[in-house]
Amino acid sequence: MPTTESADDDQLFVLTAVLLTPAQFPSVLGDDYPEVCAGLGLEPYAEGYGLVLGQDGDGARWTVVTEDVSLVACAIAAWDCGMEYDLSPGEHSIVGALPGWPLALAVAAPGVPQPHDPEPQEGDPAPLAPPDAEAWGPAQRRLGADEIAMQWAAWREQVDGDDGFAEPGDETHQGVRRVLAQARGYVAEPPPPGRVRSSFAAGEARTLRVDGPGWSMVARTDDIAFVLLDEEPGEVHPVGRGPELPGLLSSLDELAVRPV
């Protein structure tokens, strides 16, 4: 479980932490790494950051940004295993403390007031706040793609044979055709870091996550793809392998950023 840390001599009750790197970042915050960094007022350094979310002694929400990515990764791994880990970034590694949280949390520190934004001081940035993911839009579309990637087997079972597949040349799926065309464009001209990410999958396959303006695609290099579009709320389009998809996925995987 997260434990308490001190930053800049002010006690912070750590609630959670996330990585912010080209290969791993909260998808809900943007389509690529530079976009997410811009939203947080950070430079998109290739080494990335760790974001530590917690409350001060008054209950105010704070996001501490640290350059010690390895420390945050170790803490997350320990917490995932149910172990305690004292996440205390060294003062030299702390980039800054931002008011608010960029992500919605359902937990709070015990023994302090309920989470609230700190009192604004002159010159302070506006408090961070989670994107609105209640209504369909880019944030919810990206969260939907996250869910498919995490629950691939369940989603794959819903597609039986070739029924329901959208094919690249099918005129009735112009949105899917647009997505595949833009994805092919990434191969010719690599997009900003994080637009194409690759992670482990079963066997020797990889799970690909590809995002673009108004769309997200989740695919397995040995299987099919799923496409979500901003203009089609709640719809998920399975894309059959056909003659084109295998080569496209292989090329995307070659240029994708991968977790270290």
Side-chain angles (χ1 to χ4, degrees), residues 1-76 79 85-135 137-143 146 192-194 211:
M1 294 294 291
T3 54
T4 304
E5 70 150 322
S6 294
D8 296 330
D9 297 325
D10 292 324
Q11 192 175 48
L12 183 75
F13 296 89
V14 176
L15 298 176
T16 191
V18 295
L19 293 175
L20 175 55
T21 70
Q24 293 176 277
F25 56 85
S27 298
V28 67
L29 300 181
D31 287 325
D32 55 54
Y33 175 65
E35 180 180 341
V36 175
C37 286
L40 298 173
L42 301 172
E43 291 293 328
Y45 295 127
E47 295 79 7
Y49 306 91
L51 303 181
V52 182
L53 282 62
Q55 291 175 263
D56 64 18
D58 295 324
R61 306 181 185 97
W62 290 96
T63 298
V64 173
V65 183
T66 175
E67 294 178 334
D68 197 339
V69 176
S70 296
L71 177 68
V72 173
C74 288
I76 294 171
W79 297 339
Y85 194 99
D86 182 14
L87 178 52
S88 301
E91 185 176 347
H92 68 282
S93 76
I94 295 177
V95 177
L98 305 174
W101 295 334
L103 303 172
L105 300 185
V107 294
V112 300
Q114 286 298 303
H116 61 274
D117 289 334
E119 289 294 327
Q121 302 294 322
E122 186 175 353
D124 282 353
L128 300 175
D132 180 9
E134 293 300 318
Q140 196 174 76
R141 177 250 302 167
R142 292 189 291 260
L143 287 175
D146 285 348
D211 292 278

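Sequential numbering from 1 along the given sequence is applied to the chain's residues. Since the model is a prediction, treat every value here as computed from it, not as a measurement.
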Legend entry - Within-4.5 Å side-chain heavy-atom neighbours: Leu20 and Cys37: yes

Legend entry - Where Pro34 and Asp32 come nearest, the two heavy atoms and their spacing: CD-OD1, 3.2 Å

Legend entry - Ser93 side-chain N/O to Glu67 backbone N/O, donor-acceptor pair under 3.5 Å: no

Inset, instruction - Starting at CG of Leu42, measure out to CG of Leu98 and round the result to the nearest 0.5 Å. - result: 6.5 Å

Inset, instruction - Examine distances only and state if a side-chain atom of Tyr33 and a backbone atom of Tyr45 form a donor-acceptor pair shorter than 3.5 Å. - result: yes

Inset, instruction - Begin from the C-alpha positions of Leu51 and Leu40 and carry the test side chain to side chain contact (heavy atoms under 4.5 Å, CB included) through to its verdict. - result: CA-CA 10 Å; Leu51 303 181; Leu40 298 173; 3.8 Å; yes

Inset, instruction - Measure the CG-CZ distance between Asp56 and Phe13 for me, rounded to the nearest 0.5 Å. - result: 8.5 Å

Legend entry - Spacing of Leu71 atom CG and Thr66 atom OG1 [to the nearest 0.5 Å]: 6.5 Å

Legend entry - Nearest atoms (heavy-atom pairs only) where Gly50 meets Val69: N-CG2, 4.3 Å

Legend entry - Sidechain-backbone polar pair: Glu119 side chain, Ala60 backbone, donor-acceptor under 3.5 Å: no

Inset, instruction - Without swapping roles, check the side chain of Gln114 against the backbone of Gly59 for a donor-acceptor pair under 3.5 Å. - result: no

Legend entry - Nearest-0.5 Å distance that lies between atom CZ in Phe25 and atom CG in Asp31: 8.0 Å

Legend entry - Expected output: side-chain Trp62 to main-chain Val52 donor-acceptor under 3.5 Å: no

Legend entry - Shortest non-hydrogen contact from Leu19 toward Ala73: CD2-N, 4.0 Å

Inset, instruction - Could you tell me which non-hydrogen atom of Thr63 sits nearest to which non-hydrogen atom of Pro102, and how far apart they are? - result: OG1-CD, 3.3 Å

Legend entry - Nearest heavy atoms of Ala139 and Pro131, plus distance in Å: CB-CB, 3.9 Å

Inset, instruction - State whether the side chain of Glu35 and the backbone N or O of Gly30 hold a donor-acceptor pair below 3.5 Å, judged by distance alone. - result: no

Inset, instruction - Output the distance between atom CD (Gln11) and atom CG (Asp58), rounded to the nearest 0.5 Å. - result: 11.0 Å

Inset, instruction - Starting at CG of Leu29, measure out to CG of Leu103 and round the result to the nearest 0.5 Å. - result: 5.0 Å

Legend entry - Arg61 side chain vs Trp101 backbone, donor-acceptor pair below 3.5 Å: no

Legend entry - Where Gln140 and Glu134 come nearest, the two heavy atoms and their spacing: NE2-O, 3.2 Å

